[in-house]
Q: 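Dropping a structure here in structure tokens format, bear with me for questions.
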Amino acid sequence: MTDNESAEVALIENIQRENLNPIEEARAYQRLMQLSNISQEEAAQRVGKNRSTVANALRLLKLPEDMLNAVAAGTISAGHARALLSVTNSSDQRILFARMMGTNMSVREAEQYAAELNGTAKPAADCYD
């Protein structure tokens, strides 16, 4: 085995461990893709995951450093992070992040607030007796 192949095998084994946090996992996918010069689809096949799983993990790496750290520390979940990524304006993203950090906001609540910040929230259905 070449050094490159050994590194690839080690990365794949590391990814398949269950105790990686979402950021470690995303960085491992990124490193595997760079090391082997492969696509998300090929990386997914090599680690036995769906391409969408790899793509969603890699999207997390687009977050600002403090938000990445919050996901890595388990302060917010990957679901919360995806809600943050859905916010189109970086200032609004900061507002949502601050609210997440200050409350026990569920992922659904974060998604709803993100939609409100983006101006795409559906109005609540009126209830009539």
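A quick note: this is a predicted structure, and the numbers were derived from the prediction, not measured.
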Q: Please identify each residue that fulfils side-chain hydrogen bond (donor to acceptor under 3.5 Å, both in side chains) with Gln93, with sequence neighbours left out.
A: none
Q: Mind checking side chain to side chain contact (heavy atoms under 4.5 Å, CB included) for Gln45 and listing every partner two or more places apart, or none if nothing turns up?
A: Glu41
Q: Quick one, Leu61 with Ile23, criterion side chain to side chain contact (heavy atoms under 4.5 Å, CB included). Give me CA distance, side-chain angles, the key distance, then yes/no.
A: CA-CA 7 Å; Leu61 299 178; Ile23 302 306; 4.3 Å; yes
Q: Tell me which pairs pass side-chain hydrogen bond (donor to acceptor under 3.5 Å, both in side chains) where either residue lies in residues 95-105, with sequence neighbours left out.
A: none
Q: So, using side-chain hydrogen bond (donor to acceptor under 3.5 Å, both in side chains) as the criterion, who are the partners of Glu24 when residues are at least two apart?
A: Asn21
Q: To the closest 0.5 Å, what do you measure between CG (Leu63) and CG (Leu68)?
A: 5.5 Å
Q: Could you measure the distance from the CD atom of Glu109 to the CD atom of Gln112? Nearest 0.5 Å is fine.
A: 9.5 Å
Q: Atom OG1 of Thr53 and atom CD of Gln40: how far apart are they, to the nearest 0.5 Å?
A: 11.0 Å
Q: Which residue pairs pass the salt bridge (charged side-chain N to carboxylate O under 4.0 Å, His left out) test with at least one member in residues 86-95, sequence neighbours excluded?
A: Asp66-Arg94
Q: Examine Leu58 and Ile38 and state if one hydrophobic cluster contains both, with Ile, Leu, Val, Met, Phe, Trp and Tyr joined whenever side-chain heavy atoms are less than 4.5 Å apart.
A: yes
Q: Without placing hydrogens or testing angles, list every side-chain donor-acceptor pair under 3.5 Å for residues 75-88, not counting sequence neighbours.
A:
| residue | atom | partner | partner atom | Å |
| --- | --- | --- | --- | --- |
| Ser77 | OG | Gly79 | N | 3.2 |
| Ser77 | OG | His80 | N | 3.1 |
| Ser77 | OG | His80 | ND1 | 2.7 |
| His80 | ND1 | Ser77 | N | 3.2 |
| His80 | NE2 | Met105 | O | 2.7 |
| Ser86 | OG | Ala83 | O | 2.6 |
| Thr88 | OG1 | Asn118 | OD1 | 3.0 |

Q: Going by side chain to side chain contact (heavy atoms under 4.5 Å, CB included), name the residues that satisfy it together with Asn69, two or more places apart in sequence or in a different chain.
A: Glu65
Q: Residues two or more places apart in sequence or in another chain: which of them pass salt bridge (charged side-chain N to carboxylate O under 4.0 Å, His left out) with Arg46?
A: Glu8
Q: Output a table of donor-acceptor pairs, distance under 3.5 Å, between side-chain atoms of residues 27-35 and any protein atom two or more places apart or on a different chain; print 'none' if there are none.
A:
| residue | atom | partner | partner atom | Å |
| --- | --- | --- | --- | --- |
| Tyr29 | OH | Glu25 | OE2 | 2.5 |

Q: Verify, without hydrogens or angle tests, whether Asn50 (side chain) and Ser52 (backbone) share a donor-acceptor contact under 3.5 angstrom.
A: no
Q: In terms of hydrophobic clusters joined by side-chain contacts under 4.5 Å, are Tyr113 and Met101 together?
A: yes
Q: So, using side chain to side chain contact (heavy atoms under 4.5 Å, CB included) as the criterion, who are the partners of Ala10 when residues are at least two apart?
A: none
